[in-house]
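Here's the structure we're looking at; comments come further down.
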Amino acid sequence: MNYRLRVKGKIVEAEIDKAADESYHVLLGGKRYHLSCFRTGEFLIRLEVDGRGRDVCVRGESRKDIIFGGREYSVEDAEKPEGSGGSSPVREMGESITPPMPALVVKVLVKENDRVSRGDPVVVISAMKLETRLTAPYAGKVTSVNTAEGEKVMPGDILVEIDESIEGEENHE
Amino acid sequence: MFRKILIANRGEIAVRVMKTCREMGISTVSVYSEADRRALHVLNSDQSYCIGEADPSRSYLSIGTILKAARDSGADAIHPGYGFLAENPEFAAACEKEGIVFIGPPASVIGNLGNKREARRIMKEGGVPVVPGSSGDAANPESLKEEADNLGYPVVIKAVAGGGGKGIRIVESPDKFREAFESASGEASASFGNGELYCEKYIRDPRHIEFQVLGDSQGNIIHLLERECSIQRRFQKIIEESPSPALDETLREEMGRAAVRAAKASGYRNAGTVEFILDSDGSYYFLEVNTRLQVEHPVTEMVTGIDLVRKQIEIAAGEELGLTQDEIKGRGHAIECRIYAEDPARDFVPSPGRISFLREPRGPGIRVDSGITGGGTVPFEYDPILSKLITHAETREQNISRMVNALKEYIVMGVKTPVEFLLDILESVAFRSGETTTGFIGKNFSDWVPGGDEDEIACLAYLADELLGRIKRTEEGPGEVRSPWQTMGNWRL
């Protein structure tokens with residue numbers, strides 16, 4: 001069984017072969033691993049990699065959120081378009097430039113036709129006594145600025161619209 | 001003793017207060033906004049009342065509505081928790097007028113200590129060292145600047161009615177004073193409806209040390225040792241511990257006595273916290289009094305073994321403290337990490353949403369004060385604190401390990417939390433060596449990014465989930481119970 005996975009913008013190839021005793025030989029990114037696994041609860045899996053055991057939490061379909069050792073990862077099927085098949089509604093909220101709660105716009109950092117990279121701050125908002133910066137979820141060109149300094153905004157209001165760049169940011173890091 | 005208490009709050013603190021009420025055989029009444037209909041604190045109460053819309057000003061801050069709920073339910077006391085109306089003297093006075101006991105200090109004490117200038121004046125008269133500062137006209141920039149010049153720069157300008165980090169400006173030199181005054185005054189007017197300011201000498205990179213105090217209606221006041229709360233981000237505490245690595249027994253006793261003097265000077269009653277800042281030369285100065293139970297109170301409960309909420313209720317019911325200062329001994333070491341619904345990878349932007357999976361850590365010396373459930377939602381209208389993770393062990397070193405392992409076991413899916421950030425702080429050399437000052441995050445973690453570097457394991461986890469998903473569809477997993485409907489076979493009536 002073959003998979004093409006994407007993690008942190010990198011593509012990783014995986015080839016799985018069944019081995020004895022409900023375990024598997026996995027060729028992942030050029031390295032060999034011996035893997036066995038079983039479910040220990042809803043979303044919880046016991047992983048044994050080359051004899052070393054770990055408990056991991058996995059949730060999702062073609063894109064999965066993975067947590068272990070206190071750290072979070074996101075791994076997705078590279079065959080699907082980037083950003084689709086996400087499991088968490090909050091992640092979808094993060095794809096558009098909208099405040100996570102009712103907020104006041106403190107400063108708008110971009111204007112129409114500006115080019116932005118993924119992660120560039122575009123709007124500064126203030127809510128719950130904190131100032132936070134909303135950032136561009138992907139690279140592209142600003143096509144519309146729908147807010148101004150001093151405006152009160154609500155979750156769902158799209159503050160800035162960005163047209164994804166034609167070149168794409170496949171291996172952006 | 002009270003028969004019924006209304007908890008005028010939500011989330012983890014409401015849940016925690018209700019626990020002690022239940023243990024004491026006291027009925028609990030909760031209040032909730034429309035955003036909190038299925039919240040844990042509502043589910044845990046004996047009676048609940050909807051008090052309005054999600055917007056706090058229309059619900060949790062609505063004095064009239066909350067008092068009506070108290071009257072309708074027949075509650076004889078109200079516990080205000082922290083935040084919301086906990087330090088609102090009008091609310092405390094309104095309760096007193098209704099004949100409902102407000103579990104906290106008298107309204108007049110809340111009012112006096114809520115005015116920062118008045119609080120400083122009370123302390124100075126009571127012989128408590130305060131940060132050298134202004135005492136004159138709070139609305140006149142010229143005279144305030146003159147006082148600042150006499151204090152010596154740098155100074156910090158603060159709002160008289162202030163709190164929460166608003167209306168504060170640091171002024172490095174005299175030429176910057178006027179601009180800072182205008183800016184601070186404007187922010188203070190907007191945040192508190194009062195633009196009056198005062199200024200203090202600016203102490204660089206101090207430690208923030210606070211003492212828990214308890215006072216009964218008979219005038220007995222004691223302290224219950226300190227909490228070190230220096231690890232802060234944007235004036236918000238994120239990690240607290242006790243005992244403080246910076247205090248030796250002598251300094252602890254001295255500051256403790258000062259805390260008790262501060263409480264006595266203000267006529268304090270019930271639970272409160274006296275905050276100090278500790279300079280690197282060992283001098284300490286009064287900062288303010290928090291006239292409520294604080295978020296980080298579990299740290300004190302772990303090292304003293306005393307249930308502070310129980311003490312609050314007993315004191316409010318007129319009972320004597322029943323504890324002397326000599327009886328208060330700390331044991332071991334406690335740390336609290338605040339778990340907020342925030343994304344540390346995106347500048348800690350609040351991360352509301354639905355919790356799809358939750359697993360809280362447990363084990364010896366591990367305590368979780370939680371306001372959430374798996375499947376519950378975290379609304380965006382409120383302070384996004386999900387829970388507090390507290391650990392206790394015999395030594396600071398052992399406790400850091402205990403906390404690190406507890407954090408590694410903490411799993412929240414659906415909203416983002418700063419668990420990774422907290423892990424990195426606790427594992428850092430600076431934290432382990434006790435170099436905890438208010439500049440800690442700025443000095444050591446200003447460029448922090450999440451550092452998970454086990455991408456291969458994450459990929460293997462992905463593959464395992466896929467493989468196990470396929471297996472489940474074709475055969476029974478080990479340990480799955482076969483229901484009688486599957487085993488019955490063919491039969492007929």
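Order of the sequence lines fixes the chain letters, A, B, ..., with proteins taken first and strands second; residue numbering starts at 1 for each chain. It should be emphasised that the depicted structure is a prediction, and the values quoted were computed from it without experimental measurement.
Residues that satisfy the side-chain contact (heavy atoms from CB on, under 4.5 Å) test with A/Asp114, not counting sequence neighbours, are A/Val110, A/Lys111, A/Val142. A search for side chain to side chain donor-acceptor pair (under 3.5 Å) contacts involving A/Glu42 returns nothing, not counting sequence neighbours.
Minimum heavy-atom separation, B/Asp453 to A/Tyr73: N-OH, 3.3 Å. Across every non-hydrogen atom of A/Cys37 and B/Leu468, the tightest pair is O-CD2, 3.8 Å. The minimum heavy-atom distance linking B/Asp465 with A/Arg39 is given by the pair OD1-NH2, 2.9 Å. The shortest heavy-atom contact between B/Glu466 and A/Glu61 is OE2-O, 4.2 Å.
Ranked by heavy-atom pairs under 4.5 Å with chain B, the first of A/Ile67, A/Val56, A/Val7, A/Val12 is A/Ile67. The greatest number of non-hydrogen atom pairs below 4.5 Å with chain B, out of A/Leu134, A/Ile16, A/Val26, A/Asp55, is found for A/Ile16. Top candidate by heavy-atom pairs under 4.5 Å with chain A, chosen from B/Thr417, B/Val412, B/Val349, is B/Val349. Options B/Leu423, B/Val419, B/Leu463 differ in how many heavy-atom pairs under 4.5 Å they form with chain A, and the most are formed by B/Leu463.
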Could you go step by step and tell me if A/Phe68 and B/Glu454 meet the side-chain contact (heavy atoms from CB on, under 4.5 Å) rule?
CA-CA 10 Å; A/Phe68 60 91; B/Glu454 294 190 276; 3.6 Å; yes

Hey, mind stepping through B/Arg359 and A/Cys57 against side-chain contact (heavy atoms from CB on, under 4.5 Å) and telling me if it holds?
CA-CA 10 Å; B/Arg359 191 187 69 180; A/Cys57 183; over 6 Å; no

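Here the CZ atom belonging to A/Arg54 is positioned 9.0 Å from the CG atom belonging to B/Leu460, to the nearest 0.5 angstrom. The line from OG of A/Ser36 to CG of B/Leu467 is 11.0 Å long, rounded to the nearest 0.5 Å.
The closest side-chain heavy-atom distance from A/Glu72 to B/Lys416 is below 4.5 Å. Within the 4.5 Å cutoff, no side-chain heavy atoms of A/Phe43 are placed close to those of B/Ile411. Using a 4.5 Å heavy-atom threshold, the side chains of B/Phe357 and A/Leu44 count as touching. With a 4.5 Å cut-off on side-chain heavy atoms, B/Tyr462 and A/Val58 do not count as touching.
Comment: B/Asp455 does not engage A/Arg71 in a salt bridge, judged by the lack of any side-chain N to carboxylate O separation of less than 4.0 angstrom.
Both the backbone and the side chain of A/Ile66 come within contact range of chain B, judged by heavy atoms closer than 4.5 Å. If you measure heavy-atom distances from A/Leu5 to chain B, the contacts under 4.5 Å come from the side chain alone. Contact annotation for B/Ile457: both backbone and side-chain heavy atoms come within less than 4.5 Å of a heavy atom of chain A. For A/Val49, the part sitting under 4.5 Å from any heavy atom of chain B is the side chain, from C-beta outward, and nothing else.
The environment of B/Arg432 atom CZ is dense: over 12 non-hydrogen atoms of other residues, nucleotides or ligands sit within 6.0 angstrom.
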